[in-house]
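First up is the structure itself, then whatever we jot down about it.
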Amino acid sequence: MNEHPMVGQPGGDLHELTTRPLKGRIIGGRILFLKETASTNDDVLRMGRDRGCKEGLVVVADYQSHGRGRHGRKWISPPGVNLYFTVLLRPPIPPEEATILSLMASVAVVDGIRRYTGIHASIKWPNDIMIGDKKVGGILMEARTKGGIVEMVALGIGINVNMHSGMFDREIRGLATSLKEEAGQDIHRPDLLREILGQMDYWYNELLKGNRGLIIEEWRRRDSTMGNEVVVQMLGSQGRPAGGIRGLAEDIDERGCLVIRLSSGAIRRVSSGDVTILRKD
Ligand code: BTN
């Protein structure tokens with residue numbers, strides 16, 4: 001018997017989410033569906049600024065014409081197959097602690113995927129969602145600060161749900177996958193999203209209770225980077241290479257930085273970059 005019965009249902013109409021928000025929750029209490037947009041991160045940042053929208057708003061789109069990834073890369077966002085959504089948060093934390101939100105989001109996405117599909121996803125630092133060696137999702141966090149505090153955060157999440165391998169750009173084919181490719185069946189997008197939002201709401205409440213350390217601990221338990229020899233390609237603005245370092249990925253620190261032990265024994269902390277895992281232990 002299929003332990004995860006929602007696998008195998010058709011991909012679903014995302015519009016239905018708007019009629020079934022997550023009642024009584026911070027995250028997902030209001031869900032706005034757009035058939036088409038440039039980028040859901042832009043929508044949320046604009047709505048947060050111009051309309052003063054409350055935290056917890058989720059904007060989900062069926063298609064993004066200008067989906068953005070980290071370091072100015074594009075995020076391919078074809079219609080009818082995937083999940084592209086952004087959550088608006090207004091956390092009472094200083095800007096230097098905001099990275100915890102993207103760690104929290106990656107824990108929620110991994111758990112949502114595991115619970116809903118049974119697929120064992122993991123996290124590659126900082127917040128690539130992986131199935132084995134292939135990327136299935138990513139998180140783009142953009143914060144706006146005012147007077148030394150976080151005014152709002154747009155947590156943008158893209159997950160390859162029902163895309164087939166032929167739809168990926170040639171450069172990333174072989175490095176990317178989708179849940180359908182892994183499960184061999186269509187995944188119902190609205191219910192997967194509801195599961196992820198429920199997880200995110202749970203962890204956000206833990207954060208508000210001050211349980212930051214717990215989120216870092218849970219992130220470590222889902223991580224597939226640590227204990228491996230890695231090369232970290234540091235990237236400047238617009239994704240231009242800004243040097244790389246090689247060493248053993250040892251840990252993440254309380255700010256979410258990757259702690260790397262160089263062959264000299266010295267320790268380096270990296271706050272952003274692209275990790276390539278050289279050897280699995
Ligand atoms: C990454 O580079 O790994 C992050 C990808 C984030 C993509 C999502 S899709 C929804 C939201 N809107 C965007 O334009 N980007 C994020």
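Every number for a ligand or one of its atoms is a count from 1 in the order of the listing.
- Comparing heavy-atom distances from atom 8 (C) of ligand 1 across G158, A154, S65, G137 singles out G158 as nearest.
- Residues Y84 and I157 have side chains not in contact (no heavy-atom distance under 4.5 Å, counting atoms from C-beta outward).
- Between H71 and ligand 1 there is no heavy-atom distance shorter than 4.0 Å.
- In plain terms, the two heavy atoms of N162 and R189 that are nearest each other are ND2-CG, 4.1 Å.
- Contact atoms of ligand 1 toward G67: 14 (O) (distance under 4.0 Å to a heavy atom of the residue).
- Looking at E96 and R255, no side-chain N of the basic residue comes within less than 4.0 Å of a carboxylate O on the acidic one, giving no salt bridge.
- With respect to atom 4 (C) of ligand 1, the closest heavy atom belonging to the protein is I139 N, 3.5 Å.
- One finds no salt bridge joining E151 and R144 here, because no Lys/Arg side-chain nitrogen approaches an Asp/Glu carboxylate oxygen to under 4.0 Å.
- Ranking the protein heavy atoms by distance from atom 3 (O) of ligand 1 puts K135 NZ, 2.6 Å first.
- In summary, the atoms of ligand 1 found under 4.0 Å from a heavy atom of T40, numbered by their order in the structure, are 10 (C), 11 (C), 12 (N).
- The residues E218 and R222 are annotated as salt-bridged, a charged nitrogen and a carboxylate oxygen being separated by less than 4.0 angstrom.
- For atom 2 (O) of ligand 1, the nearest protein heavy atom (residue, atom name, distance) is R70 N, 2.7 Å.
- For ligand 1, the atoms closer than 4.0 angstrom to any heavy atom of T86 are 11 (C).
- Interface of N41 with ligand 1, defined as ligand atoms under 4.0 Å from a residue heavy atom, comprises 11 (C), 12 (N), 16 (C).
- Considering backbone and side-chain atoms alike, W75 places every N or O at 3.5 Å or more from each N or O of ligand 1.
- The side chain to side chain donor-acceptor pair (under 3.5 Å) test with T86 is passed by exactly one of T40, D43, D42: T40.
- Among R68, R73, K124, the residue whose heavy atom lies nearest to atom 15 (N) of ligand 1 is R68.
- Across N41 and A154, no two heavy atoms sit closer than the pair ND2-O, 4.0 Å.
- Taking every heavy atom of F85 and a limit of under 4.0 angstrom, the matching atoms of ligand 1 come to 10 (C).
- You'll find the side chain of L14 stays beyond 4.5 Å of the side chain of F85, heavy atoms only.
- Looking at atom 9 (S) of ligand 1, its nearest protein heavy atom turns out to be Q64 NE2, 3.4 Å.
- Scanning both residues, E55 and R90, for their nearest heavy atoms gives OE1-N, 2.9 Å.
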